[in-house]
Amino acid sequence: MQRKKITVKDVIELKKAGKKITMLTAYDYPVALILDQAGIDIILVGDSLGNVVLGYDSTVPVSMDEMVHHTKAVKRATKYALLAADMPFMSFNVSLKQTVINAGRFVKDAGADAVKIEGENKRILRMIRAVVDSGIPVIGHLGLTPQTAMILGGYKVQGKTAQAAKEILEQALCLEKAGCFSIVLECVPFALSEVISKRLKIPVIGIGAGAGCDGQVLVSYDMFGLQERITPKFVKKYLDLSRQMSDAVKKYIRDVRQSSFPGKEHSFIMPNEELDRFLSQDKS
Ligand code: KIV
């Protein structure tokens with residue numbers, strides 16, 4: 001079947017048709033190519049880039065330049081999926097002008113189709129409206145918002161009390177009204193995400209938010225098992241790449257030390273007469 005590029009409209013249509021939306025993160029060309037060719041709907045260049053790839057302790061230090069650099073690499077591999085990029089901490093908080101310029105860099109310089117903005121308060125809503133008004137589609141992000149985890153009291157499940165759940169539902173409605181075409185809902189009880197998914201017209205993509213959402217997202221390196229860091233409860237490991245890669249490296253070290261790599265099949269040959277000539281030149 002002929003595949004076509006997924007648009008924002010297609011993502012909304014998937015919800016209307018009751019079809020689940022699939023989303024995974026990517027930070028580089030080879031992984032993005034695998035996701036895109038496997039048929040994922042949305043590729044997110046998450047600011048999880050910080051802890052997953054760049055070795056930071058959190059997403060807070062991630063810069064615009066780092067995000068744009070990795071989004072460009074992912075873009076080169078992405079033919080079909082909708083490509084969204086995370087706006088890093090402080091890239092959408094300073095001023096409306098700076099926010100729109102930064103969102104524009106993702107679209108103009110890096111080739112993203114949409115940006116994702118974490119959080120919801122009066123100030124952030126103004127920023128989101130400005131980005132949407134400038135013609136850039138926005139995905140909201142509620143529940144556990146890692147950029148402001150220090151305000152939320154750490155990496156904890158959000159919306160566990162009736163009051164907190166009500167607040168997250170209201171925030172979700174505000175994001176929809178502000179023009180987001182979708183929201184990511186992270187680490188909330190599944191009963192809450194079910195209610196939010198039903199109340200919102202726009203798709204709700206869950207991570208640690210249960211099966212009632214319109215779609216699911218995971219950090220690809222987590223589901224590949226390519227992370228030595230603590231794996232959150234909501235992650236399903238589809239592979240154990242970290243162990244497999246470590247075994248491969250140990251075998252390589254052993255092979256090199258025992259001179260069993262490279263073998264003849266990995267080496268290049270020189271015609272015999274050229275070799276003889278070379279060796280005789282070497283003697284003279
Ligand atoms: O940065 C990220 O990877 C994310 C996902 C967890 C949704 O925001």
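Every number for a ligand or one of its atoms is a count from 1 in the order of the listing. By convention here, the first residue in the shown sequence is residue 1.
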[X] neighbourhood, listing ligand 1 atoms whose heavy-atom distance to it stays under 4.0 Å:
X: Asp47; answer: 1 (O)
X: Gly46; answer: 1 (O), 2 (C), 3 (O)
X: Ile207; answer: 6 (C)
X: Ser48; answer: 1 (O), 2 (C), 3 (O)

With only distance considered, is [X] within less than 3.5 Å of ligand 1 through an N or O on each side?
X: Tyr27; result: no
X: Glu118; result: no
X: Thr25; result: no

Within the side chain of Thr148, is there an N or O that forms a donor-acceptor pair under 3.5 Å with the backbone of Ile151?
->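 No, the answer is negative, given that no donor and acceptor are paired below the 3.5 Å cut-off.
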
Looking only at atom types and distance, does a side-chain atom of Asp86 sit under 3.5 Å from a main-chain N or O of Asp47, one as donor and one as acceptor?
->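 Looks like yes, one N/O pair under 3.5 Å.
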
Salt-bridged, [X] to [Y], with N to O below 4.0 Å?
X: Arg243; Y: Asp247; answer: yes
X: Asp214; Y: Lys19; answer: no
X: Asp222; Y: Lys236; answer: no

Taking the non-hydrogen atoms of His141, is any one of them nearer than 4.0 angstrom to ligand 1?
->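 Yes, His141 has a heavy atom closer than 4.0 Å to ligand 1.
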
Mind running salt bridge (Lys or Arg N to Asp or Glu O under 4.0 Å) on Glu273 and Arg277 for me, showing each step along the way?
-> CA-CA 6 Å; Glu273 62 274 22; Arg277 199 172 301 150; over 6 Å; no

What do we get for Asp86 next to ligand 1 when only non-hydrogen atoms under 4.0 Å count, side chain, backbone, both or neither?
->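 Side chain only; the backbone of Asp86 stays clear of ligand 1.
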
Part of Leu218 with heavy atoms under 4.0 Å of ligand 1, whether side chain, backbone, both or neither =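 It is neither; nothing of Leu218 touches ligand 1.
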
Please report which non-hydrogen protein atom sits nearest to atom 8 (O) of ligand 1, along with the residue it belongs to and the distance in Å to one decimal place.
->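 Closest protein heavy atom to atom 8 (O) of ligand 1: Lys116 NZ, 2.9 Å.
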
Residue and atom name of the nearest protein heavy atom (relative to atom 4 (C) of ligand 1), distance in Å to one decimal |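 Ranked first by proximity to atom 4 (C) of ligand 1 is Leu44 CD2, 3.8 Å.
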
Output, in order, the C-alpha distance, side-chain angles, deciding distance and verdict of side chain to side chain contact (heavy atoms under 4.5 Å, CB included) for Met23 and Gln216.
-> CA-CA 6 Å; Met23 179 172 175; Gln216 296 294 327; over 6 Å; no

Checking salt bridge (Lys or Arg N to Asp or Glu O under 4.0 Å) for the pair Arg105/Asp65: CA distance, chi angles, key distance, verdict?
-> CA-CA 10 Å; Arg105 281 187 68 191; Asp65 286 346; 2.9 Å; yes

